[in-house]
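Down below is the structure, laid out as structure tokens.
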Number of protein chains: 2
Amino acid sequence: MTTLSDVAKKASVSKMTVSRVINHPQQVTPELRKIVEQAMEQLNYHPNSVASALAHHRTNVVKLVILEDIDTTEPYYMNLLFGIASGLGKKHYALQLATDSEVSGGDGYIITGGRANDAKWLDQLNKPFVLFGENRYGYDFIDTDNKLGEQIATQYALDKNYQSIVFIGIDEKEPFEYSREAGYINTLQKHNMIPKIFRIQNHSSLAEKLIISNWKKFAPNTCFICASDRIAVGVVRAIQRKNGNIPRDFGIIGFDGVFLDQVSNPKLTTIKQNLFKLGELLAEMILQKIQQGGAQQGEVLIEPELIKSESTRN
Amino acid sequence: MTTLSDVAKKASVSKMTVSRVINHPQQVTPELRKIVEQAMEQLNYHPNSVASALAHHRTNVVKLVILEDIDTTEPYYMNLLFGIASGLGKKHYALQLATDSEVSGGDGYIITGGRANDAKWLDQLNKPFVLFGENRYGYDFIDTDNKLGEQIATQYALDKNYQSIVFIGIDEKEPFEYSREAGYINTLQKHNMIPKIFRIQNHSSLAEKLIISNWKKFAPNTCFICASDRIAVGVVRAIQRKNGNIPRDFGIIGFDGVFLDQVSNPKLTTIKQNLFKLGELLAEMILQKIQQGGAQQGEVLIEPELIKSESTRN
DNA sequence: TTGTACGCGTTATCAC
DNA sequence: GTGATAACGCGTACAA
């Protein structure tokens with residue numbers, strides 16, 4: 001294993017010069033820099049991040065804290081996780097998972113699944129953290145642009161000439177849901193239409209029951225804007241049981257675009273979250289926050305993508 | 001942050017004695033040990049694993065290498081990942097993900113999604129590794145007992161008095177599939193019944209097409225043993241489209257028991273893999289292998305569990 | 001701009 | 001059985 005000293009010898013400079021070439025390149029003259037860089041090339045030198053971490057009183061580990069129940073974990077966490085791992089890996093950081101709130105170790109946290117009543121717990125954290133998911137308490141976060149997503153969905157339903165646009169939401173008093181509903185409501189209002197909103201817990205079977213028990217309220221030519229693909233799948237099943245025609249008489253638009261939309265039949269038109277990118281950005285944000293000693297990072301909303309598929313008219 | 005030296009001072013011993021109390025307790029007399037342990041308690045001392053790693057020329061990081069395409073990644077990876085992370089965390093190890101074969105860094109690898117033609121690549125690895133998933137080249141691995149799983153499934157179908165038992169397999173020439181088929185075949189042979197096997201790629205829509213285009217071959221009173229829940233979902237849809245009665249005339253048993261079985265309607269009877277435990281064992285195995293300098297660890301098969309649900313007679 | 005000396009927290013080695 | 005010393009590889013503080 002080649003070390004800083006090896007490079008220093010080869011380049012006939014001190015270790016510090018080599019260290020500076022790596023961490024503060026501007027502090028060293030271009031000529032010396034070239035020589036050192038060549039030496040690093042020839043020796044195939046890679047900094048030992050463990051030693052670096054020790055000197056910096058760091059661990060080079062970021063913890064991912066998942067506050068939701070693991071059993072309800074959506075498959076889309078996979079993509080998020082891969083994104084995070086990818087972003088961390090680029091900076092030679094590693095990942096640890098924590099499913100409860102007993103966190104310790106690590107240089108910072110990425111926290112997901114937090115709800116409104118987790119605020120007190122967050123406030124007592126003594127290390128930098130960023131959240132995955134909207135919040136309105138001023139914590140740094142990254143999320144899909146939920147409002148924009150449902151705006152796009154609702155507008156698309158209108159473009160496809162569905163006369164009635166119904167929203168099936170998730171029955172949780174959380175910002176992400178408010179934002180999704182707001183996107184739907186705004187777009188309808190813009191066209192002088194009156195919102196119709198139903199809310200249930202995020203389970204396909206509950207969605208199925210909801211639609212069936214309210215079936216007479218839904219005339220043909222209705223499009224359902226669903227706050228999740230899970231719900232959308234349930235709506236599809238209900239319509240099929242009622243022998244409704246998809247997509248001619250009934251349209252369905254989901255939200256998430258991970259796995260479930262593909263397994264569904266018909267495949268779902270959905271608002272796809274770019275979870276991988278989101279994960280990468282989360283990693284970059286927490287790493288930057290760590291490096292900056294905990295400085296505020298702000299909020300970032302990622303634009304989702306409309307996937308046009310078989311559950312709406314084409 | 002309290003260090004080894006702090007404890008040493010408090011206990012009036014040398015740092016080495018403290019270190020030994022932690023790593024080689026037998027080498028220190030019981031009396032001294034007590035004193036040191038009390039000092040550690042009072043100072044709430046926790047070893048700095050980064051410093052330890054540096055001294056050991058380690059990174060305290062294990063890499064998870066996923067050789068499958070990330071887009072086809074099944075949601076069950078989540079549970080595996082959580083298990084791995086849990087197992088690593090107990091020993092203060094962290095995780096890095098790698099989705100291609102360009103691995104570097106880390107003290108060892110957990111490799112998943114490997115296929116037969118990855119053997120040459122594995123052989124050139126210069127760090128300890130263990131595999132998730134059966135192989136027949138002598139590499140250390142952990143997997144669900146696939147054969148046993150389908151034995152249980154097939155026997156259950158027989159117990160429920162389905163007259164015809166059909167196997168819908170995954171069209172891959174890999175040990176896990178051979179094992180699953182073997183479990184099915186063995187159990188049928190034991191009852192002097194002739195196996196009927198179909199194979200397709202692991203997609204629900206392909207399963208659906210397969211069943212529909214062969215519909216006349218399946219008389220009522222048939223149970224489909226499926227090599228995955230994805231396939232099972234497709235089979236369910238096909239039967240429903242043909243207006244077959246589930247579970248009276250047609251039974252379906254899946255494999256995996258992660259997410260999809262719950263979202264399906266009817267919910268699937270399935271062979272549930274204990275992926276979390278599997279992940280924990282993978283972590284323990286690779287950690288032990290690292291500690292033992294790469295010593296052979298052997299093979300471990302984990303017993304799966306039959307989940308009785310709505311897609312078979314009760 | 002560049003180099004020297006030392007510290008980060010732990011462990012291995014070799015004395016006693 | 002226990003302790004002093006050096007070493008792991010890198011970074012900071014200060015001096016040159």
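Values below: every heavy atom of this structure, side chains too, minus hydrogens, waters and symmetry copies.
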Salt-bridge contact R33(A)-E31(A) (side-chain N to carboxylate O under 4.0 Å):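 Salt bridge between R33(A) and E31(A), a charged N being under 4.0 Å from a carboxylate O: no.
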Backbone of V61(A) reached by a side-chain donor or acceptor of T59(A) within 3.5 Å: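 Yes: the side chain of T59(A) pairs with the backbone of V61(A).
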Annotated protein contacts, base or backbone, on nucleotides 3-16 of chain C with a non-hydrogen cut-off under 4.0 Å, one of B, S, - each: BB---BBBBB----
Spacing between Q26(A) atom CD and dT2(C) atom C1', to the nearest angstrom: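 Spelled out: CD on Q26(A) to C1' on dT2(C) is 16 Å.
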Is a side-chain donor-acceptor pair under 3.5 Å present for [Y] with [X]?
| X | Y | value |
| --- | --- | --- |
| T112(A) | E68(A) | no |
| E305(B) | Q273(B) | no |
| Y93(B) | S49(B) | no |

